[in-house]
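See below for the structure under consideration.
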Amino acid sequence: MNNEEFISEISEILQTDEKLTFETELETLDGWDSLARITLMVFLQNNFDKQVTLTELNALKTIEDIAKKAGIC
Amino acid sequence: MKNFYDTINLKNIRFLRIERLKLVCSVIKNIRIKGMSLVLGENKKTIDDEPSYYNNDIKRLEIMKNTIGTKDRYISNSETTSLDLAQEAAEILINKLNIDAKTIDAVIFVTQTPDYRYPGNAYVFHKCFGGGILEKETAALDLTLGCSGFVYGFYQASLMINSGLKRVLLLCADTLSKSVHPKDKAAAPILGDSASASIIEFDETASDTYFILKSDGKRLESIYCPAGAFRMPSSDETKKEIEDSDGNIRTLENFYMNGFEVFSFTFYEQPKLFNEILDFAKCSREDIDYFVFHQANEYIVKNIIKNVKVPPEKSPSKAFSMFGNLNSSSIPSAICGELADELNNGGKKKILLQGFGTGLSWGACITEINNLVCIKPQCYKGVKIE
């Protein structure tokens, strides 16, 4: 998965039409709710075989943090 | 492989402790589920009529409908209890099977919402059922469990049959709508009220049934009711409404679920258990006719189906949308609600059942049914579902 595809998947998870970049802060997005956290957990496991806890998810600040968790940057 | 097994033969039950996997598994002979019924609360609720759960945000409501599968559920009247629903489920099943209630050797009642603090609902059922026709010789036993309750109850019934009983009535019933706070937006719109009845019998022709059961008490606070029993008795303090960071309102005497923790438990643990039960029963996916998972919600069921790679057409996933999350009756709701036409007179079928929930507790079994008598769900007092 390249960066563009990754951002597109994250937009889907966050149910947002806003243009996202690696610098976008998650807290500024309405879609960053409990359902998005669950969907992100599924996404990380299914695509990158990465397990995350709620504490780890809550510590994520930007899209780049998610990418680091996925191991793509 | 034999070195890994420490086998104890006790009559015809084999308890296997697989040291390598640290699992406790059981193979039980000569048991068969003969029939099953489901009775729902009498009031149908449809999420489209309740946008206030999502602050009247229709976009949010649509997202919940599309991802979680939230649609219809059935809520009991304030005076209708778990016992009432269970009595009706038992009555329609016993009539359909044409058996004499006096031949029931034991009643197991799985509930978290009993009629009395004590004794358990199996005794209330023993008193009331059929105007009191059950014999003194009928054993009565309660299990306090939620979504894993059907598998645990089936296991308990199977053990009783292997100790000499011939016929056990397994009842799973809850009215969690009375325990959840109506302003708990995370839980109230997904929980339904219902009861299921199942008859489990000694059957010499039955092939082996395999069970694996697991528990994790350390995660007890993921789904529980904090106050109102004896650890934290009911008081003015426990009746105070508290709003959490997501805007859900509840008191300490209400049902509480940490949705993320529970989802995470489901997502990481259930595929493991699924593979373990297949391994243990030496079955491949092709050997199993139906995979019936606890219908927590459609998103969870579909994720499990995808992760364990079973064909969606062999694994019901619509019961949550049709009836809500029915906790211990949820596996029966998928069987009676989605598979009744295929199972009635459908001959021998091998089925995998897997439940998971409060405790935390989870269990799976592989068993064979043969012309399972499967009664389609109906509402309390015999009302047909629209």
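Here the structure is a predicted model, which is why all the values come from computation and not from measurement. Numbered from 1 within each chain, the chains take letters A, B, ... in sequence-line order.
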inquiry  = Ignoring hydrogens, what is the shortest heavy-atom contact between A:Asn46 and B:Phe267? Give both atom names and the distance.
reply    = OD1-CZ, 3.7 Å
request  = To the nearest 0.5 angstrom, please state how far the CD1 atom of A:Ile38 sits from the OG1 atom of B:Thr266.
outcome  = 9.5 Å
request  = Mind checking the CD-CG spacing from A:Gln45 to B:Asn303? Nearest 0.5 Å is all I need.
outcome  = 10.0 Å
task = Check whether A:Thr53 gets within reach of chain B through its side chain, its backbone, both or neither, counting any heavy atom under 4.5 Å.
result = backbone
request  = Could you check A:Met41 against B:Tyr268 for side-chain contact (heavy atoms from CB on, under 4.5 Å), going step by step and ending with a plain yes or no?
outcome  = CA-CA 10 Å; A:Met41 181 176 80; B:Tyr268 295 135; 3.3 Å; yes
query = Can you tell which of B:Ile68, B:Ile63, B:Asp246, B:Thr67 has the highest number of heavy-atom pairs within less than 4.5 Å of chain A?
reply = B:Ile63
A:Gln15 to B:Lys59 - nearest heavy-atom pair and separation = O-NZ, 3.9 Å
key: Flag if over 12 foreign heavy atoms under 6.0 Å of NZ, B:Lys183   = no
message = Nearest 0.5 Å, please: how far is CG in A:Leu35 from CZ in B:Phe263?
response = 9.0 Å
Residue B:Lys71 excluded, over 12 heavy atoms near NZ under 6.0 Å = no
inquiry  = Can you tell me how far apart CZ (A:Arg37) and OG (B:Ser264) are? Round to the nearest 0.5 Å.
reply    = 14.0 Å
inquiry  = For A:Asp17, I'd like to know if atom CG has over 12 heavy atoms of other residues, nucleotides or ligands within 6.0 Å.
reply    = no
query = Do A:Asp33 and B:Arg60 sit within salt-bridge range, that is, some charged N less than 4.0 Å from a carboxylate O?
reply = yes
task = May I have the step-by-step check of side-chain contact (heavy atoms from CB on, under 4.5 Å) for A:Thr39 and B:Tyr299, ending in yes or no?
result = CA-CA 10 Å; A:Thr39 325; B:Tyr299 183 67; 3.6 Å; yes
inquiry  = If you count every heavy atom of other residues, nucleotides or ligands that lies below 6.0 Å from A:Glu64 atom CD, does the total exceed 12?
reply    = yes
task = Please check if atom CD in A:Glu4 has more than 12 non-hydrogen atoms from other residues, nucleotides or ligands closer than 6.0 Å.
result = no
ask   = Around A:Glu12, counting heavy atoms of other residues, nucleotides and ligands shown, do more than 12 lie under 6.0 Å from its CD?
value = no
ask   = Taking atom NZ of B:Lys45 as the centre, does the number of heavy atoms from other residues, nucleotides or ligands within less than 6.0 Å exceed 12?
value = no
